[in-house]
Amino acid sequence: MPDLLSSPVCLTVICFLSWTVQPGCAQIWTDEVSGVQYGRLESNVTLACGKSQTGLPVVWRLNHSSALPWHKVTSNGSLVLLHVNHSAQGNYSCYDSRGLLLHSVKLRLGYPPGLLSISCQVPNHTHVRCSWVESVKTFLPANYSASFRGLRHEWRTCAVDIARKHCDIHYPAYWQAIHTLRITETNDLGSETTSVQFKLHELLKPDPPESLVVKQIEGYSTRLLVSWALPSSWPTHDAFPLMFHIRYRPQGSMYWSEIFSDESPVVVYDALASHLHEVQVRAHDEVNSDSQWSEWSPVLLARPWEEYSTPEPTDWPLPEDYFYLFNTKPETSTAKSNNPAIEDEGHLGLVILLVLFSVVILTTVLSLIFVVWVRQRRRDHVTIQELASMVKMKTMPI
């Protein structure tokens with residue numbers, strides 16, 4: 001036998017076998033896996049050792065380490081991981097007693113999908129966008145499919161954006177009272193379908209008006225010109241008119257004044273002179289009373305027109321009320337005569353004076369009437385007393 005083992009033929013065979021075994025041993029330390037297996041968190045996960053035979057011992061490793069999570073190995077070499085958590089994820093490999101790689105697999109853990117929380121926005125009559133939020137964080141990649149239909153209509157596809165988790169419906173049957181949307185979430189542990197019903201005419205909510213501009217009106221210290229543009233997402237033809245709600249207030253005030261209009265621009269007539277004002281506008285579908293008001297546009301600050309006059313230089317300081325006592329500046333007088341706002345204020349003062357004069361006259365007349373009435377009462381009283389005395393005197397015995 002020793003002669004046989006030392007023969008050239010046997011040596012050649014032994015060298016060949018040793019050369020072919022080396023690649024198999026080297027394969028032990030590679031990171032290659034035969035596939036991916038998915039498991040549910042907080043449950044037991046079984047990993048099979050592909051080429052193992054029942055009864056033969058095997059060795060399992062996680063990421064080339066012999067340290068494994070809580071586990072047990074079955075008689076056929078399968079690895080059962082007990083009540084797994086995220087730390088159990090990784091590359092698992094099983095080897096026979098000689099250290100040869102029998103099987104490897106990558107384990108990913110998560111949850112199957114749950115129901116979705118769905119909300120839909122309707123910025124105009126031709127576009128619906130529905131978005132969703134997962135009620136269960138699965139920790140696994142998911143795919144989504146969505147479809148919708150009006151009452152008694154065929155299902156149509158809702159174009160899905162997986163990254164942003166929303167889908168878009170273009171040109172829905174807006175005249176239908178109720179629409180149904182269903183979205184299916186799928187991952188490697190299962191799938192779940194969520195259905196919702198909604199009414200387009202109640203969800204309709206335009207985007208806020210754009211390009212809000214507030215200008216002064218020259219010569220008017222209590223007026224502002226407010227203009228804006230339709231939301232860019234709203235159709236521009238007259239089939240879908242909008243109603244606009246404008247509100248404004250002096251900066252720092254708690255109370256808003258309001259104007260409603262179906263077109264731009266509008267004039268504010270009662271702004272507070274010389275004060276900075278906050279102005280906003282929002283929109284509403286004029287035809288559909290069940291729809292919602294848009295959000296308010298951003299606040300815009302503006303101040304009414306003010307007249308600025310530069311006094312002529314003098315050799316001594318003048319008191320503040322100088323020009324009220326001595327009207328010696330012709331340019332100021334001209335400006336006042338040409339200012340419609342000041343003329344309106346003069347007319348208002350005249351009206352107030354007339355009202356006050358009427359009140360005084362009326363009070364005087366009423367006072368005279370009262371005095372005459374009191375005097376007449378006194379005279380009547382005296383007359384009655386005199387008659388009573390005469391009657392008494394006549395009845396007395398002589």
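Please read all numbers here as calculations on a predicted model, not as lab measurements.
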K.L.:
Is Ile246 reachable from Tyr220 through a run of I, L, V, M, F, W or Y residues, each pair having side-chain heavy atoms under 4.5 Å apart?
P.N.:
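No; Ile246 is not reachable from Tyr220 via cluster members.
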
K.L.:
If you measure from CH2 on Trp132 to OH on Tyr144, what distance do you get to the nearest 0.5 Å?
P.N.:
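Trp132 CH2 to Tyr144 OH: 7.0 Å, rounded to 0.5 Å.
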
K.L.:
Using 0.5 Å steps for rounding, measure from the NE2 atom of His83 to the CG atom of Asn85.
P.N.:
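The CG atom of Asn85 is 8.0 Å from NE2 of His83, to the nearest 0.5 Å.
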
K.L.:
Evaluate side-chain hydrogen bond (donor to acceptor under 3.5 Å, both in side chains) for His125 paired with Asn288, printing each intermediate quantity in order.
P.N.:
CA-CA 11 Å; His125 297 81; Asn288 179 11; 5.7 Å; no

K.L.:
Aromatic rings Phe139 and His86: how do their planes relate, parallel, tilted or perpendicular, breaks at 30° and 60°?
P.N.:
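Rings of Phe139 and His86: perpendicular, as their planes differ by over 60°.
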
K.L.:
Quick check on the hydrophobic clustering: are Val136 and Leu109 connected, directly or via other members, by side-chain heavy-atom contacts under 4.5 Å?
P.N.:
yes

K.L.:
Can you name the nearest heavy-atom pair linking Pro206 to Trp234, along with the distance?
P.N.:
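Looking at all heavy atoms of both residues, the shortest contact is CG-CZ3, 3.9 Å.
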
K.L.:
Rounded to the nearest 0.5 Å, how far apart are CG of Asp270 and OG1 of Thr222?
P.N.:
7.5 Å

K.L.:
Please assess Asn44 against Val84 for the test side-chain contact (heavy atoms from CB on, under 4.5 Å), listing each intermediate value before the final yes or no.
P.N.:
CA-CA 6 Å; Asn44 297 340; Val84 293; over 6 Å; no

K.L.:
Report yes if some heavy atom in the side chain of Trp60 is under 4.5 Å from a heavy atom in the side chain of Ser93; otherwise report no.
P.N.:
no

K.L.:
Quick one, Val128 and Gln121 - any side-chain contact, counting heavy atoms below 4.5 Å?
P.N.:
no

K.L.:
Is Glu218 atom CD crowded by more than 12 heavy atoms from other residues, nucleotides or ligands, each under 6.0 Å away?
P.N.:
no

K.L.:
Look at the side chain of Asn187 and the backbone N and O of Tyr111, then say whether any donor-acceptor pair between them is shorter than 3.5 Å.
P.N.:
yes

K.L.:
When you compare the side chain of Ser131 with that of Ser119, does any pair of heavy atoms fall below 4.5 Å?
P.N.:
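Sidechains of Ser131 and Ser119: in contact.
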
K.L.:
Ser221 and Glu307: side-chain donor and acceptor closer than 3.5 Å?
P.N.:
no

K.L.:
Which pair of heavy atoms, one from Arg303 and one from Leu276, lies closest together, and at what distance?
P.N.:
NH1-N, 3.7 Å

K.L.:
Determine whether Thr138 and Glu185 make a side-chain contact, defined as any pair of heavy atoms from C-beta on separated by less than 4.5 Å.
P.N.:
yes

K.L.:
Could you go through residues 191-204 and list every donor-acceptor pair under 3.5 Å that involves a side-chain atom there, pairing it with any protein atom two or more places apart or in another chain?
P.N.:
| unit_1 | atom_1 | unit_2 | atom_2 | d |
| --- | --- | --- | --- | --- |
| Thr193 | OG1 | Thr184 | OG1 | 2.8 |
| Thr194 | OG1 | Leu116 | N | 3.0 |
| Gln197 | NE2 | Thr180 | OG1 | 3.4 |

K.L.:
Please list, chain by chain and in numerical order, all residues satisfying side chain to side chain donor-acceptor pair (under 3.5 Å) with Ser233, sequence neighbours excluded.
P.N.:
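With sequence neighbours excluded, Ser233 shows a side chain to side chain donor-acceptor pair (under 3.5 Å) to Asp207, given in chain and number order.
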
K.L.:
Would you compute the distance between atom OG of Ser145 and atom CZ of Arg182 and round it to the nearest 0.5 angstrom?
P.N.:
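Between Ser145 OG and Arg182 CZ, I get 8.5 Å after rounding to 0.5 Å.
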
K.L.:
What do the steps show when you test Glu210 against Ser232 for side-chain contact (heavy atoms from CB on, under 4.5 Å), and what is the final call?
P.N.:
CA-CA 8 Å; Glu210 301 174 0; Ser232 57; 3.0 Å; yes

K.L.:
Taking all non-hydrogen atoms of both residues into account, name the closest pair between Val45 and Gly39 and its distance.
P.N.:
CG2-CA, 4.0 Å

K.L.:
Answer yes if the side chains of Ser297 and Gln280 hold a donor-acceptor pair under 3.5 Å, and no otherwise.
P.N.:
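No donor-acceptor contact under 3.5 Å links the two side chains.
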
K.L.:
Indicate yes or no for a side-chain donor-acceptor contact from Ser367 to the backbone of Thr363 under 3.5 Å, with no hydrogens or angles considered.
P.N.:
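Confirmed, Ser367 side chain pairs with Thr363 backbone.
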
K.L.:
Flag yes if more than 12 heavy atoms outside Trp175 fall under 6.0 Å of its CH2 atom; otherwise flag no.
P.N.:
no

K.L.:
Where is the tightest heavy-atom contact between His103 and Leu101, given as atom of each residue plus distance?
P.N.:
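Shortest heavy-atom separation between His103 and Leu101 comes out as O-CD1, 3.5 Å.
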
K.L.:
Given the rule that I, L, V, M, F, W and Y join up when any side-chain heavy atoms are under 4.5 Å apart, are Val73 and Leu107 in one cluster?
P.N.:
yes

K.L.:
In terms of hydrophobic clustering (I, L, V, M, F, W, Y; side-chain heavy atoms under 4.5 Å; direct or indirect links), are Val214 and Ile217 co-clustered?
P.N.:
no

K.L.:
Test: ring-ring contact (aromatic ring centres under 6.0 Å, His included). Region: residues 246-282. Which pairs qualify, not counting sequence neighbours?
P.N.:
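ring-ring contact (aromatic ring centres under 6.0 Å, His included) check on residues 246-282 returns His245-Phe260.
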
K.L.:
Within a reach of under 6.0 Å around CD of Glu286, are more than 12 heavy atoms found that belong to other residues, nucleotides or ligands?
P.N.:
yes

K.L.:
Can you tell me if Thr157 uses its side chain to pair, donor with acceptor, with the backbone of Ala159 under 3.5 Å?
P.N.:
no

K.L.:
Is there side-chain contact between Met243 and Trp293, with at least one heavy-atom pair below 4.5 Å?
P.N.:
yes

K.L.:
Would you tell me whether Arg61 and Ser66 have side-chain atoms, one donor and one acceptor, within less than 3.5 Å of each other?
P.N.:
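Side-chain D/A pair, Arg61 to Ser66: absent.
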
K.L.:
What I'd like to find out is whether the side chain of Lys165 reaches to under 4.5 Å of the side chain of Glu134, using heavy atoms alone.
P.N.:
yes

K.L.:
Does the Lys NZ or Arg CZ of Arg247 fall within the cation-pi geometry relative to Trp296 - under 6.0 Å from the ring centre and within 45° of the axis?
P.N.:
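Judged by the rule (NZ or CZ under 6.0 Å from the ring centre, within 45° of its axis), Arg247 counts as positioned above Trp296.
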
K.L.:
Got Leu82 and Pro69 here, is their nearest side-chain heavy-atom distance under 4.5 Å?
P.N.:
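No, every pair of side-chain atoms sits at 4.5 Å or beyond.
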
K.L.:
Rounded at 0.5 Å granularity, tell me how far CG in Leu301 sits from CD in Glu278.
P.N.:
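The CD atom of Glu278 is 6.0 Å from CG of Leu301, to the nearest 0.5 Å.
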
K.L.:
Within the 3.5 Å criterion, strictly below it, is a donor on His127 or Asp168 matched to an acceptor on the partner's side chain?
P.N.:
yes

K.L.:
Are Asn63 and Ser65 close enough that a side-chain donor and a side-chain acceptor fall under 3.5 Å?
P.N.:
no

K.L.:
Before giving the answer on side-chain contact (heavy atoms from CB on, under 4.5 Å), spell out for Phe244 and Leu230 the whole-Å C-alpha distance, their side-chain angles and the decisive distance to 0.1 Å.
P.N.:
CA-CA 10 Å; Phe244 300 97; Leu230 290 174; 3.6 Å; yes

K.L.:
Give the cluster check for Phe240 versus Val281: same hydrophobic cluster or not, with ILVMFWY residues linked at side-chain heavy-atom distances below 4.5 Å.
P.N.:
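Yes: a chain of side-chain contacts under 4.5 Å links Phe240 to Val281.
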
K.L.:
What do you reckon, Cys167 and Cys158 SGs under 2.5 Å?
P.N.:
yes

K.L.:
Can you check whether Ile361 reaches Ser358 side chain to side chain, under 4.5 Å on heavy atoms?
P.N.:
no

K.L.:
I need the Tyr92 OH to Leu62 CG distance, nearest 0.5 Å.
P.N.:
4.5 Å

K.L.:
Ignoring hydrogens and geometry, is there a side-chain-to-backbone donor-acceptor pair from Ser253 to Pro250 under 3.5 Å?
P.N.:
no

K.L.:
Take Thr74 and Val80 through the side-chain contact (heavy atoms from CB on, under 4.5 Å) test and state the conclusion after the steps.
P.N.:
CA-CA 8 Å; Thr74 64; Val80 180; 3.9 Å; yes

K.L.:
Of all the heavy-atom pairs spanning Leu79 and His71, show the shortest one and how long it is.
P.N.:
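Distance-wise, the nearest heavy atoms are CD1-CD2, 3.4 Å.
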
K.L.:
For a quick test of reading the model, state the closest non-hydrogen atom pair linking Ser78 to Thr46 and the distance between them.
P.N.:
CB-CG2, 4.0 Å

K.L.:
Can you see whether Trp228 has Arg282 sitting over its ring - NZ or CZ less than 6.0 Å from the centre and within 45° of the normal?
P.N.:
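Pair Arg282/Trp228 does not count as cation-pi.
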
